Trainee: 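Sharing a structure with you now.
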Amino acid sequence: MTTTQTLDVAVIGGGFAGIGAAIRLKQRGIENFAILERGAALGGTWRDNTYPGAACDIPSRLYSYSFAPNPNWSQTYSGSAEILGYIEGMAAQYRLRPHVRFGCTVTGIVFDEDAGMWDVAVEGAAPVRARTVVLASGPLANASFPAIRGIETYEGHKIHSARWDHDYDFTGKRVAVIGTGASAVQIIPELVHKAASVKVFQRTPGWVLPRVNRRTGPITKGLYRHVPVAESLARRAWFYGHESVALGVVWNTPLTRVVELVGRAQLRRQVRDPWLRRQLTPDFRAGCKRLLMTDDYYPALQRDNCKLITWPIARLAPHGIRTAEGVEHQADCIVFATGFDVSKTGTPIPITGRDGRVLAEEWSRGAYAYKSVAVSGYPNLFFTFGPNSGPGHNSALVYMEAQIDYLVAAIGAILDRDLRMLDVRRDRQDRYNAAIQRRLTATTWNSGCHSWYLTDDGFNATMYPGFATQYVHQLRELRLEDYHVVAADAGTRAARIAAVS
Ligand code: NAP
């Protein structure tokens, strides 16, 4: 195969992060880039998650980019179609379409140290060569069916929450839902209105907190449209409101008890039956798993056509789900709201860096990076939503925006100074990660529950143990002294080795 084109930047993934990176690259005057998107449309997780009730549990004013404010959000917590519309609107406004290559599945990237180039292999197409790569493939991209015994024998209809089948008619059907996480609590209140019966298979009850959703009236929208500073003040208010919650949600402190009191009050207010309340009471610290923000879930569970099943699933049978006490629950359809295959101990695609090192091997016991964005030995490669960049209390978009501005500054430095390599120093990276892991020990995520944030042996490669303000601050400035900086004319690796020996 021949190489077709040398790009300044290959952006892998056309979701929120990839689109944001592309906009900021353009605003920095960098035009020679492509967004390599495996799907046929932009939007990433918001293109894929179209299940009924799909919405974001962070207020839209904050779950958006500060550089692309939207005065027209219809409500506090907008639904997935509106969020997808926002993403598509940004792509149109910033004329990103000519940069997007749809159906472009990247199968691996290899760094050519002498040339200071990444070779990007693409399934069924010529490879792409790029000076820099932005890996924006997202942590929640791969829907995962659980390894439940007998899953292949089930003869009814199977639907994963992240790959919704809009052609399936739930009317009059007996539906089973496996999982009670953030996706399930949005789906179940919708399903109970259509299906004949809904059985909810719960393994672990989560902390449910109220989510007060309000429609945004025309006067408020007009205000935000005509007085942009009002919009930005509203965003700021949401931001600091969420920051204050970190004291009880991120860290395992006496304030965590206050969050739990709010959860218990919601349970008492919405669930009358003491036995059901007991079944729905979590046995771990609030925040350890993602908080579930909903006012509709508990009422849905108590409808006549809905039933909570707490017996463990033993296996799937051809016509339903068998639980450990020997009962078979017949179901025409099973909805798997069982989450995603999140790579915490590998890489989403094979990545080969300097001297042939393989990132998946280095990350085999848990991923790490410098400030979540760069990894030593893999120059000119930048991650969005990389290791330890997950928020538990604030908008992921705030974190993403900080990553994007940092990596665009780094890419700008590479191009402006004609650098062959910008490779983060190992000692800086190690020091950073030692501090992160030390700080994580005091957080709710590491307080003893099982969640997708942790590897099987309890290593937290996912979450950032601090305020969003701290995270943003650490990425505000690109400090070149944190990197090995190699100029384009510095001679080849072989010549450098020869010169030393
Ligand atoms: P999730 O949080 O990983 O929840 C998966 C659910 O499936 C859990 O209740 C889990 O039980 C259960 N489960 C998994 N395997 C099972 C098995 N073999 N048998 C029985 N139950 C099983 O997945 P999700 O709800 O799709 O959410 C994933 C992430 O997406 C969230 O953490 C969040 O970051 C994001 N999300 C965000 C929003 C939003 O509004 N912003 C909405 C939806 C999703 P256990 O708890 O016992 O493991």
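The model shown is predicted, which means the values in this text are computed figures rather than measured ones.
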Trainee: Find the distance between CD1 (I87) and CG (L96) and round it off to the nearest 0.5 Å.
Mentor: 12.0 Å
Trainee: Do I436 and P465 have side chains that approach each other closer than 4.5 Å (heavy atoms only, starting at C-beta)?
Mentor: yes
Trainee: Rounded to the nearest 0.5 Å, how far apart are CD of E113 and CG of D423?
Mentor: 8.5 Å
Trainee: Got a salt bridge between E31 and R95, using NZ or NE/NH1/NH2 to carboxylate O under 4.0 Å?
Mentor: no
Trainee: Looking only at atom types and distance, does a side-chain atom of R285 sit under 3.5 Å from a main-chain N or O of T443, one as donor and one as acceptor?
Mentor: no
Trainee: Look at the side chain of T105 and the backbone N and O of E123, then say whether any donor-acceptor pair between them is shorter than 3.5 Å.
Mentor: no
Trainee: Evaluate N394 against I58 for side chain to side chain contact (heavy atoms under 4.5 Å, CB included), listing each step before the verdict.
Mentor: CA-CA 7 Å; N394 215 318; I58 294 288; 5.8 Å; no
Trainee: Tell me whether Q470 contacts the main-chain N or O of F467 through its side chain, where contact means a donor paired with an acceptor under 3.5 Å.
Mentor: yes
Trainee: Just by distance, do the side chain of N388 and the backbone of M463 share a donor-acceptor pair under 3.5 Å?
Mentor: yes
Trainee: Given the side-chain rings of Y464 and W445, with only the six-membered ring counted for Trp, is the space between their centroids under 6.0 Å?
Mentor: no
Trainee: Do D165 and K158 meet the salt-bridge criterion of a basic N to acidic O distance under 4.0 Å?
Mentor: no
Trainee: So do I19 and L42 actually touch side chain to side chain, heavy atoms under 4.5 Å?
Mentor: yes
Trainee: Under 3.5 Å, side chain of T352 to main-chain N/O of R357, donor-acceptor pair present?
Mentor: no
Trainee: Between R354 (side chain only) and G377 (backbone N and O only), is there a donor and an acceptor less than 3.5 Å apart?
Mentor: no
Trainee: Please lay out, stage by stage, how R47 and E37 fare under the test salt bridge (charged side-chain N to carboxylate O under 4.0 Å, His left out).
Mentor: CA-CA 12 Å; R47 174 203 59 206; E37 167 54 51; 2.8 Å; yes
Trainee: Over 60° means perpendicular and under 30° means parallel, so tell me whether F16 and Y86 are parallel, tilted or perpendicular.
Mentor: tilted
Trainee: Counting only heavy atoms not in H473, do more than 12 sit closer than 6.0 Å to its NE2 atom?
Mentor: no
Trainee: Is the distance between the ring centroids of W46 and Y63 under 6.0 Å?
Mentor: yes
Trainee: Quick one: sort the Y168 and F170 rings into parallel, tilted or perpendicular, breaks at 30° and 60°.
Mentor: perpendicular
Trainee: Taking D430 first and then R425, would you say they form a salt bridge - that is, a charged N and a carboxylate O separated by under 4.0 Å?
Mentor: no
Trainee: If you count the non-hydrogen atoms of other residues, nucleotides and ligands that lie under 6.0 Å from CZ in R236, is the total more than 12?
Mentor: no
Trainee: Once rounded to the nearest 0.5 Å, what's the spacing between atom CD1 of I35 and atom CZ of R97?
Mentor: 9.5 Å
Trainee: If you apply the rule side-chain hydrogen bond (donor to acceptor under 3.5 Å, both in side chains), what do you find for S372 with Y399, and how did you get there?
Mentor: CA-CA 10 Å; S372 80; Y399 292 62; over 6 Å; no
Trainee: Is it the case that the ring center of H160 lies less than 6.0 angstrom away from the ring center of F336?
Mentor: no
Trainee: So, F383 versus F385, ring centres under 6.0 angstrom or not?
Mentor: no
Trainee: Evaluate side-chain hydrogen bond (donor to acceptor under 3.5 Å, both in side chains) for E82 paired with S60, printing each intermediate quantity in order.
Mentor: CA-CA 10 Å; E82 198 173 345; S60 305; over 6 Å; no
Trainee: I need the minimum non-hydrogen distance between R290 and D57, along with the two atoms involved.
Mentor: NH2-OD1, 2.7 Å
Trainee: Run the side-chain hydrogen bond (donor to acceptor under 3.5 Å, both in side chains) check on Y406 and E401 step by step: do they pass?
Mentor: CA-CA 9 Å; Y406 181 89; E401 193 170 319; over 6 Å; no
Trainee: Within the distance-only criterion (no hydrogens, no angle test), does the side chain of E243 pair as donor or acceptor with the backbone N or O of A468 below 3.5 angstrom?
Mentor: yes
Trainee: Between R61 (side chain only) and N70 (backbone N and O only), is there a donor and an acceptor less than 3.5 Å apart?
Mentor: yes
Trainee: Using a strict 4.0 Å threshold on nitrogen-to-oxygen distance, state whether D482 and R428 make a salt bridge.
Mentor: yes
Trainee: Over all heavy atoms of both residues, which pair between V120 and A10 is shortest? Give the atoms and the distance, please.
Mentor: CG2-CB, 4.4 Å
Trainee: Would you tell me whether S395 and H242 have side-chain atoms, one donor and one acceptor, within less than 3.5 Å of each other?
Mentor: no
Trainee: Do V335 and V175 have side-chain heavy atoms sitting under 4.5 Å apart?
Mentor: yes
Trainee: Does D457 have more than 12 heavy atoms from other residues, nucleotides or ligands lying within 6.0 Å of its CG?
Mentor: yes
Trainee: Charged N to carboxylate O below 4.0 Å: is that the case for R426 and E362?
Mentor: yes
Trainee: Using the ring centroid of each side chain, check whether W118 and F382 are separated by less than 6.0 Å.
Mentor: no
Trainee: Just by distance, do the side chain of K289 and the backbone of C449 share a donor-acceptor pair under 3.5 Å?
Mentor: no
Trainee: Between R24 and D405 (salt bridge meaning N to carboxylate O under 4.0 Å), is one present in this structure?
Mentor: yes
Trainee: Checking W363 side chain against Y368 main chain: does a donor-acceptor pair fall under 3.5 Å?
Mentor: yes
Trainee: Checking side chain to side chain contact (heavy atoms under 4.5 Å, CB included) for the pair V134/L407: CA distance, chi angles, key distance, verdict?
Mentor: CA-CA 8 Å; V134 176; L407 67 87; 3.6 Å; yes
Trainee: Does the distance from a Lys or Arg side-chain N to an Asp or Glu carboxylate O, for R420 and D489, drop under 4.0 Å?
Mentor: no
Trainee: In the structure I gave you, are the side-chain heavy atoms of V133 and I12 within less than 4.5 Å of one another anywhere?
Mentor: yes
